[in-house]
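Down below is the structure, laid out as structure tokens.
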Amino acid sequence: MTIDNLNQRFALPGHIQFKEGPGGLAVAEIANAHAEAMIALQGAHVMTFQPRGQEPVLWLSRFGKFAPGKSIRGGVPICWPWFGPHATEAGFPGHGFARTVMWEVKQTQALPDGASFLRFGLIETEATRAQWPHPSTVELQVTVGAELKIELVTCNTGSAPFQLGEAFHTYFQIGDVAEMEIRGLEGCTYLDKVDNFARKTQEDAVTIESEVDRVYLDTAADCLIDDRRLNRRIRIAKHNSLSTVVWNPWTEKAEKMGDFGPEGHRGMVCVESGNAVDNVVTVAPGATHSLATVIGVEALG
Ligand code: TA6
């Protein structure tokens with residue numbers, strides 16, 4: 001569907017318009033009384049979210065490669081229908097294919113409270129079916145208001161159950177990594193990916209002084225990013241999620257990845273709400289599973 005077609009069918013004055021974004025990617029541009037946001041149709045990828053009067057909440061690399069089929073570095077990449085490497089196929093893309101394939105706009109709506117609602121559906125192809133042969137549908141529902149609500153809805157339309165790994169791989173904008181801590185994971189068990197997946201327990205708030213790549217298990221808790229530099233707290237609430245991943249690549253890995261930019265890792269941290277490893281979800285035939293997160297900014301308590 002061309003940009004003109006998208007605007008004819010789904011634009012909403014005072015809320016949503018479609019345009020060509022970075023790298024020529026089709027994007028939905030949202031601007032309402034509460035916030036501004038941008039969502040690429042590729043990957044149904046929420047790239048930016050900025051409540052009025054606030055600094056951007058999501059980190060988006062200025063050095064990212066915005067190109068068809070390439071995952072965008074920053075915002076909210078959708079990891080689906082598996083998290084991390086595929087269990088058996090090394091050649092399949094890490095974190096699944098959802099974030100690099102095209103999604104279609106299904107619905108847009110101006111909500112009574114002034115927020116904007118958008119619903120996207122993943123466009124199945126022979127390539128996606130080759131990697132995920134289970135009859136299913138997946139939609140992303142985004143509400144842009146004073147808070148950002150994202151819901152990933154998976155339906156099993158087949159006659160056999162399937163296992164699902166998923167996450168919102170959210171990159172958060174922070175003032176400086178040395179002046180922030182992540183609370184809400186105290187006492188949780190985590191797999192430490194920088195220490196051969198050793199199982200450990202989180203004693204206190206999470207602080208970051210080197211590469212951190214941890215999958216916290218069996219936790220439904222909100223996470224709080226307390227940012228002393230920007231003098232704000234970001235609350236990350238989640239629903240139907242038992243895993244939280246915390247990731248900062250630090251200097252060496254960020255440089256190897258090549259799209260963080262100089263010292264880019266200092267301005268971001270990933271706090272990812274999903275279901276991974278021990279927490280993968282079994283979706284029964286005919287069942288619907290919905291993973292959701294609500295992201296908002298508060299005063300630093
Ligand atoms: O969620 C953390 C992680 O799994 C890291 O291990 C690292 O691979 C990161 O995701 C980024 O992955 P990407 O495929 O987006 O470069």
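The basis for the numbers below is simple: all heavy atoms, side chains too, and nothing from hydrogens, waters or symmetry mates. Numbering of ligands and ligand atoms starts at 1, following listing order.
For atom 3 (C) of ligand 1, the closest heavy atom belonging to the protein is H95 NE2, 3.7 Å. Atom 14 (O) of ligand 1 has R99 NH2, 2.8 Å as its closest protein atom, hydrogens excluded (heavy atom only). Residue, atom and distance of the protein heavy atom nearest to atom 5 (C) of ligand 1 are D213 OD2, 3.2 Å. Closest to atom 8 (O) of ligand 1, if we only count protein heavy atoms, is M257 CE, 4.3 Å. The nearest protein atom to atom 11 (C) of ligand 1, hydrogens excluded, is given as W247 CH2, 3.6 Å; this is a heavy-atom distance.
Here's the thing with H169: one of its N/O atoms is less than 3.5 angstrom from an N/O atom of ligand 1. Some N or O of R73 is nearer than 3.5 Å to an N or O of ligand 1, by distance alone.
Close approach to K193 involves these atoms of ligand 1, each under 4.0 Å from a residue heavy atom: 4 (O), 6 (O). Of all atoms in ligand 1, numbered sequentially from 1 with element shown, those under 4.0 Å from a heavy atom of V245 are 1 (O). Every atom of ligand 1 with a heavy atom of F83 under 4.0 Å away is listed here by number and element: 1 (O). Atoms of ligand 1 found under 4.0 Å from any heavy atom of E272, numbered from 1 in the order shown, are 1 (O), 2 (C).
Between M180 and L230 there is no side-chain heavy-atom pair separated by less than 4.5 Å.
Ring to ring, W132 and F92 are not that close: their centroids are 6.0 angstrom or more apart.
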Worked check of side chain to side chain donor-acceptor pair (under 3.5 Å) between T48 and Q50: CA-CA 7 Å; T48 67; Q50 185 169 11; over 6 Å; no
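Checked by atom type, the side-chain pair S71/R99 shows a donor-acceptor distance below 3.5 Å. Side chain to side chain, E166 and H289 meet the donor-acceptor criterion of an N or O pair below 3.5 Å.
Note: F97 and W82 have perpendicular aromatic rings, judged against thresholds of 30 and 60 degrees for the angle between ring planes.
Note on ligand 1: K253 sits outside its first shell, no heavy atom being nearer than 4.0 Å.
One N or O on the side chain of N156 and one on the backbone of G158 form a donor-acceptor pair closer than 3.5 Å.
No path of Ile, Leu, Val, Met, Phe, Trp and Tyr side chains, each step under 4.5 Å between heavy atoms, connects V294 with I150, placing them in separate hydrophobic clusters.
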